[in-house]
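Right, one structure below, let's go through it.
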Amino acid sequence: MDAKRSIAETLLDWYDRHARTLPWRAPPGVRPDPYRVWLSEVMLQQTTVATVRPRFEAWVARWPDVASLAAADEADVMAAWAGLGYYARARNLVRAAKAIAADHGGKLPDTEDALRALPGLGDYTAAAVAAIAFGRRAVVIDANVERVVSRLCRAAGKPAVRRAAEALTPDQRAGDFAQAMMDLGSAICSPKRPKCLLCPLADACAAHRAGEEEAFPVKPAKKPRPTRHGTIFWLERAAAGGGLEVLLVRRPAKGLLGGMRALPTGPWTETQPGLAEAPAAADWTMLNQQVSHGFTHFTLELALAVARWDAHSAPIAAEWWRVDDLAAAGLPTVFAKAAKAIGRVR
DNA sequence: TAAGCGTGGCT
DNA sequence: TAGCCAAGCTT
């Protein structure tokens, strides 16, 4: 790297040659659609590009703008988010769309502060949308930027990384700069075995010169992940037009898998709870099979109980769902996994 | 402030 | 292959 050129100039030149083509990005020199930028940033929170890409395409085909999302049925939105995880993101997307429609004339606000006030937009997303969609100078810090900057400057700790990022962020093209950092972090400056031979910033990188690339960023120690035990209840009945229906509930709006359709479960406890809190007094059969599912902060070991329900009404507040259409129910992965294990789903 | 909150791709 | 990890936010 030419020592007289800034890191930002060098990185932007690299980006002009190597930028990934992604469905939420506009062609060079074109301002992208703020709605698509916002949606992509929310989908990409803690989620990989490979996972997001097809989900983004399907989403914008169904809800192409703020107005359509603000008017959407929330149950449809939650079902469309199924499998992406962190379901508060979907709830907040709808809340924010309504706020944008009501308070901002249907257009995303174009300042970092106003964006930050919307539900689901934190420091990172507000800065990213302001910079990428509106050309604002904003300091965008995600895990990629943290990794690249901490290595460049051997900066340990978030305050030091923020100071360094502030100093590096250019006044012009701050959005491209942020995306360049992310592309670099994804393709070159990876957590393990970074490809420093290909890095345009290698000569300027303090960690590289010291041979300690993988020592940055400094990560806090991980805590052990406990195991909890529970039971999933599969209650089925004959459908009116033939076939089978299964009882689905909606989970409470807050907390784990909040607002999502679900199979009924009992308590999640340290020891196997068996048939505790079954949704009906039925003749339950415990299957000789368990389902294991890892959440962020604990692992769930699930027993599977199945029963038949002959009465017409549902035993609890719930809905009967055709088993043949279960894929359209939008079940979180843990329940989709259980349904598959129970064998009622192809 | 630290804990709660999901999932799938990648190595 | 079993961890590791990701374009974080909320309370």
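Chain identifiers are assigned alphabetically (A, B, ...) following the order of the sequence lines, protein sequences preceding nucleic acid strands; residue numbering begins at 1 within each chain.
- At the phosphate of C:dG8, OP1 or OP2 sits under 4.0 Å from a side-chain N or O atom of A:Gln46.
- Atom C1' of nucleotide B:dG6 and atom CZ of A:Arg251 are separated by 12 Å, given to the nearest angstrom.
- Residue A:Tyr124 is not grouped with residue A:Val139 when hydrophobic side chains (ILVMFWY) are merged at heavy-atom distances under 4.5 angstrom, including chains of intermediate members.
- Between B:dG8 and C:dT10, the distance separating the two C1' atoms is 23 Å to the nearest Å.
- Rounded to a whole Å, the CG atom of A:Asn144 is 19 Å from the P atom of C:dC4.
- Comparing B:dA3, B:dG9, C:dG8 by their nearest atom to the side chain of A:Ala50 picks out B:dG9.
- Among the atoms of the strands shown, base atoms are found under 4.0 Å from some heavy atom of A:Arg20.
- Contact of A:Thr296 with B:dG6 (side chain to base): a donor-acceptor pair of N or O atoms is detected under 3.5 Å.
- In this structure, the nucleotide among B:dG6, C:dA7, C:dC9 sitting nearest to the side chain of A:Arg89 is B:dG6.
- Side-chain proximity of A:Thr333 to B:dT7, B:dC5, C:dA7: nearest is B:dT7.
- Here the P atom of nucleotide C:dG8 and the CG atom of A:Leu44 are 8 Å apart, to the nearest Å.
- More than 12 non-hydrogen atoms from other residues, nucleotides or ligands lie less than 6.0 angstrom from CD of A:Glu301.
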* Asked: side-chain hydrogen bond (donor to acceptor under 3.5 Å, both in side chains) between A:Thr47 and A:Arg89: does it pass, once the steps are laid out?
  -> CA-CA 12 Å; A:Thr47 309; A:Arg89 294 184 291 174; 3.1 Å; yes

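- Mapping A:Gly185 and A:Arg116 onto DNA chain C by nearest heavy atom places A:Gly185 at the nucleotide closer to the 5' end.
- The distance between the ring centers of A:His297 and A:Phe295 does not fall below 6.0 angstrom.
- Contacts of A:Leu84 with the nucleic acid, taken as non-hydrogen atoms under 4.0 Å apart, include base atoms.
- Across the protein-nucleic acid pair, A:Phe298 atom CZ and B:dC5 atom C1' stand 9 Å apart, rounded to whole Å.
- Rounded to an integer number of Å, the gap from A:Arg95 CZ to C:dC9 P is 14 Å.
- Here the side chain of A:Thr51 is nearest to one of B:dA3, B:dG8, C:dA7, namely B:dG8.
- Side-chain nitrogen and oxygen atoms of A:Lys192 include none within less than 4.0 Å of the OP1 or OP2 phosphate oxygen of C:dC4.
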* To do: Output, in order, the C-alpha distance, side-chain angles, deciding distance and verdict of salt bridge (charged side-chain N to carboxylate O under 4.0 Å, His left out) for A:Asp283 and A:Arg308.
  => CA-CA 7 Å; A:Asp283 184 16; A:Arg308 190 84 172 182; over 6 Å; no

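- One atom, CD of A:Glu41, and another, C1' of C:dG8, lie 11 Å apart when rounded to the nearest Å.
- As rounded to whole Å, 16 Å separates atom C1' of C:dC5 from atom CE of A:Met182.
- Cation-pi geometry between A:Arg151 and A:Phe216 is not satisfied (NZ or CZ under 6.0 Å from the ring centre, within 45° of the ring normal).
- At B:dC5, one or more side-chain N or O atoms of A:His297 fall inside 4.0 Å of OP1 or OP2 (strictly under the cut-off).
- Each of A:Thr48 and A:Leu257 lies near DNA chain B, and the nucleotide nearest A:Leu257 is the one positioned closer to the 5' end.
- Rounded to the nearest Å, the gap between the C1' atom of C:dA7 and that of B:dA3 is 22 Å.
- Phosphate contact (OP1/OP2 of B:dT7, side-chain N/O of A:Tyr87, threshold under 4.0 Å): present.
- Taking the P atom of each, B:dG9 and C:dC9 are spaced 23 Å apart, rounded to whole Å.
- Contact between the side-chain N/O atoms of A:Thr47 and the OP1/OP2 oxygens of B:dT7 is not found at any separation under 4.0 Å.
- Using a 4.0 Å heavy-atom distance criterion, A:Ile141 is classed as making no nucleic acid contact.
- Contacts of A:Gly258 with the nucleic acid, taken as non-hydrogen atoms under 4.0 Å apart, are absent.
- Looking at heavy-atom distances under 4.0 Å, A:Ala128 makes no contact with the nucleic acid at all.
- At C:dC9, one or more side-chain N or O atoms of A:Thr125 fall inside 4.0 Å of OP1 or OP2 (strictly under the cut-off).
- In this structure, the nucleotide among B:dA3, C:dG8, C:dA7 sitting nearest to the side chain of A:Trp24 is C:dA7.
- A:Trp24 and A:Val140 are assigned to two separate hydrophobic clusters, defined by single-linkage of ILVMFWY side chains at heavy-atom distances under 4.5 Å.
- By the criterion of side-chain heavy atoms lying less than 4.5 angstrom apart, applied directly or through intervening Ile, Leu, Val, Met, Phe, Trp or Tyr residues, A:Val334 is grouped together with A:Leu326 in one hydrophobic cluster.
- For A:Ala143, whose side chain is taken as the heavy atoms from C-beta onward, the closest listed nucleotide among B:dG6, C:dC4, C:dA7 is C:dA7.
- With DNA chain C read from its 5' end, the first of the two nearest nucleotides for A:Pro191 and A:Asp123 is the one closest to A:Pro191.
- What separates CE of A:Met43 from C1' of B:dG9 is a distance of 17 Å, to the nearest Å.
- Rounded to whole Å, the C1' atom of C:dT11 lies 10 Å from the corresponding atom of B:dT1.
- One C1' atom belongs to C:dC5, the other to C:dT1, and the distance between them is 16 Å to the nearest Å.
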